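Below is one structure; the comments refer to it alone.
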Amino acid sequence: MKHLPAQKAIDYLGRDHRPLIGADRPVALTGRHFDTLDPASGKVIASVWECGAEDIDVAVRAARAALDQRAWTGLTADARAKVLWRYGDLLEANAEELAHLEVLNNGMPIGFAQWMVSASAVWLRYYAGAISRIHGKTAGDAINEPGRAMHAYTTREPIGVVGLIVPWNGPIGTFIMKVAPALAAGCSCIVKPAENTPITALRLGEIALEAGVPPGVLNIVPGFGPVAGAALVSHPGVDKISFTGSTAVGKQIVQAAAGNLKRVTLELGGKSPCIVCDDADLELTIPSVAMGILANSGQVCFAGSRLYAHSKVFDKVVAGVADFAAKVTLGSGFDPGTALGPVISDKQRQRVNDYIDIGRSEGAEVIYSGSAPAGSGFFVAPTIFVNKKAGSRISREEIFGPVLVATPMDDMEEILRVANDTRYGLGAGVFTRDVSKAHKIAARLQSGNVWVNCYGTVHPTMPFGGYKESGWGREMSSEGLDAFLEMKSVFIQLH
Ligand code: NAI
Ligand code: MG
């Protein structure tokens, strides 16, 4: 039975969706609105004020003023930690409304939305704890020379005003993954949510104020990438951009950030391999590989989109994954039986379907092809290809949909060569019962994350990010915090 969205979520959609700048909810200076949709129905659910370059400028000023007035950094570390902790508590207190708004705007299954809200609360508490552990280092005796004694130390300071550009595939999670460490570092934030999913970002901004984040420290500016996003990236008053999205836009950001050499961290695309050895425990391997590509309808930067399995187990693994895919239900995220929601937009559905056509025309064999629910929602059926041809596009390009490309391969050297033969390097799965083999393969994979006998675990204690064109820098853990801090070296000559 389909569960309807909670009344609170429906009421929230009916609001006037203005940007959040300082303590204000001004109308956007563009005077324009844009529609935002429910991907499960294709219908408009709300109209949102569209920020342009002038609105970004107002937000940058508000953020800078809060920084200069030490509205946030002037509080004790303990007081700031309490605010972040309260922010996490308020996410939990508003979990139903947030999860329902996420399902309405993104289409994801309700269980995934609920997980993302509770995980975000955990991430906030992790960074609440980190605030009191920000400190520098002291130089040792090596700094001294005959006749010149020196005391030297480093301090860590917030980078300043930071632009956080988040994607639509996990709107709440990607928002908190950036905002939590940025706030812990003492930065003032301007969040530009994806144009497809502005709703929960606005709600998260309101909840932050309720938690005690001072006005101006967290500003939310919905708008389009090439307009609002580009204005944020090129703004001379912004000290850093943290971006999650496509590799193509990541490269544009690197160029646009050159004006004031703002700091840039990037979390971009992937074409992540799963390697299944002949000694793997198939009972655990098959659901991990299947969910590695099906979760969130394949709209995951580290989706396990390439499968390399030893020929001894290949047929079994592929048949098992196909069987798994055949059993998952596609539908509205509000239906508790739904495992796969729609993709985000008609454009994205077209893109994924085009890749399925490309795979067929390249001569890959379709081993499984599901059916998508009829109607106006943006559904894409899971598809599994067996592809023995090297160099084909479906094995090299990020599809960002529920499309798996499987290739049988026996020689481990060859598997490693092919697995690493990509411009990306975000995730990789290894399935084996042999612990030595697992370590040896993990060491050879050019990938920021390696999962052995599991897939896709992300945790605040562990850095997350990519090699090569999958990005710059890391999020989560202490590295994620460092990415929002400058380092100062202080030398004091002792007389
Ligand atoms: P995108 O990279 O255009 O959008 C991501 C974010 O960047 C959005 O907030 C967007 O408004 C912003 N943006 C776009 N152009 C910008 C610019 N010139 N300056 C500053 N910000 C800008 O991704 P899109 O077009 O929605 O999706 C296309 C493909 O990108 C997907 O099929 C997928 O392959 C990849 N993608 C990867 C994501 C990841 O998690 N790594 C997330 C979203 C998309
Ligand atoms: Mg784009």
Side-chain angles (χ1 to χ4, degrees), residues 34 36-37 39 48 50-53 56 105-106 108 116 163-175 177-178 190-198 200-201 220-235 238 241-259 262 264-272 295-303 305 343-355 378 380 393-394 396-403 423-427 448-449 456 458 464-466 468-473 475:
F34 63 98
T36 191
L37 310 179
V48 178
E50 182 206 331
C51 291
I56 297 298
N105 205 185
N106 165 283
M108 65 176 62
M116 211 161 48
L164 310 176
I165 301 179
V166 294
W168 42 260
N169 53 335
I172 292 176
T174 48
F175 179 111
M177 199 181 285
K178 294 190 192 305
I190 300 161
V191 180
K192 211 294 284 164
E195 45 271 54
N196 315 73
T197 54
T200 48
I220 319 292
V221 287
F224 291 91
V227 183
L232 193 56
V233 174
S234 62
H235 199 293
V238 175
I241 293 287
S242 173
F243 170 78
T244 299
S246 60
T247 291
V249 171
K251 289 180 184 182
Q252 288 173 28
I253 286 176
V254 167
Q255 292 185 343
K262 51 176 65 72
V264 175
T265 46
L266 304 169
E267 206 273 278
L268 308 174
K271 191 75 186 174
S272 301
N296 212 26
S297 301
Q299 303 170 114
V300 177
C301 47
F302 53 79
S305 50
V343 297
I344 194 68
S345 62
D346 196 28
K347 187 175 150 201
Q348 203 62 21
R349 172 174 59 178
Q350 192 56 51
R351 177 190 153 104
V352 179
N353 284 332
D354 284 351
Y355 270 109
F378 310 133
V380 177
R393 285 184 63 192
I394 55 162
R396 302 194 73 81
E397 298 177 18
E398 181 176 59
I399 298 175
F400 227 60
V403 182
R423 64 191 184 113
Y424 297 115
L426 192 51
N449 304 276
V458 175
F464 175 78
K468 301 193 273 188
E469 292 184 38
S470 288
W472 279 358
E475 301 197 271

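Just so we're clear, the structure is a prediction, and the values are computed from it rather than from any experiment. For ligands, and for the atoms within them, numbers begin at 1 and follow the listed sequence.
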List ligand 1 atoms under 4.0 Å from [X], heavy atoms only on the residue side.
X: Cys301; answer: 39 (C), 40 (O), 41 (N)
X: Glu398; answer: 33 (C), 34 (O), 35 (C)
X: Ala230; answer: 19 (N), 20 (C)
X: Glu267; answer: 41 (N)
X: Ala194; answer: 8 (C), 9 (O)

Is it the case that the side chain of [X] and the backbone of [Y] share a donor-acceptor pair, with hydrogens and angles ignored and the cut-off at 3.5 Å?
X: Thr247; Y: Glu469; value: yes
X: Lys271; Y: Ser305; value: no
X: Glu50; Y: Phe224; value: no
X: Gln299; Y: Asn296; value: yes
X: Lys178; Y: Ile165; value: no
X: Asn106; Y: Trp168; value: yes
X: Ser297; Y: Gly401; value: no

Starting from [atom], find the nearest protein heavy-atom neighbour and note its residue, name and distance.
atom: atom 13 (N) of ligand 1; answer: Gly225 CA, 3.3 Å
atom: atom 9 (O) of ligand 1; answer: Val166 O, 2.9 Å
atom: atom 6 (C) of ligand 1; answer: Phe243 CE1, 3.8 Å
atom: atom 38 (C) of ligand 1; answer: Phe400 CZ, 3.5 Å
atom: atom 10 (C) of ligand 1; answer: Glu195 OE1, 3.4 Å
atom: atom 43 (C) of ligand 1; answer: Pro167 CB, 3.8 Å
atom: atom 26 (O) of ligand 1; answer: Trp168 NE1, 2.6 Å
atom: atom 30 (O) of ligand 1; answer: Ser246 CB, 3.0 Å

What's the spacing between [X] [atom1] and [Y] [atom2] if we round to 0.5 Å?
X: Glu195; Y: Ser345; atom1: CD; atom2: OG; value: 10.0 Å
X: Glu398; Y: Cys301; atom1: CD; atom2: SG; value: 8.0 Å
X: Gln348; Y: Phe400; atom1: CD; atom2: CZ; value: 7.0 Å

Does the protein put a heavy atom under 4.0 Å from atom 3 (O) of ligand 1?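 Under the 4.0 Å cut-off, atom 3 (O) of ligand 1 does have protein heavy-atom neighbours.
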Any protein heavy-atom neighbour for atom 40 (O) of ligand 1 (distance below 4.0 angstrom)?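 At least one protein heavy atom is under 4.0 Å away.
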Ile241 and side chain to side chain contact (heavy atoms under 4.5 Å, CB included): which single residue from Leu232, Leu164, Val254 fits?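 Single pass found, and it is Leu232.
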Any N/O pair [X]/ligand 1 closer than 3.5 Å:
X: Asn196; answer: no
X: Gly245; answer: yes
X: Leu268; answer: yes
X: Thr244; answer: no
X: Ile253; answer: no

Check: [X]/[Y] side-chain N/O donor and acceptor closer than 3.5 Å:
X: Tyr355; Y: Glu397; answer: yes
X: Thr36; Y: Asn105; answer: yes
X: Asp354; Y: Gln350; answer: yes

Between Leu232 and ligand 1, which part of the residue brings a heavy atom under 4.0 Å of the ligand: side chain, backbone, both or neither?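 None of Leu232 does.
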Looking only at heavy atoms, is any part of Gln348 under 4.0 Å from ligand 1, and if so is it the side chain, the backbone, or both, or is it neither?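 Just the side chain.
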Heavy-atom nearest option to atom 18 (N) of ligand 1, drawn from Lys347, Gln252, Arg351: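 Looking at heavy atoms only, Gln252 sits closest to atom 18 (N) of ligand 1.
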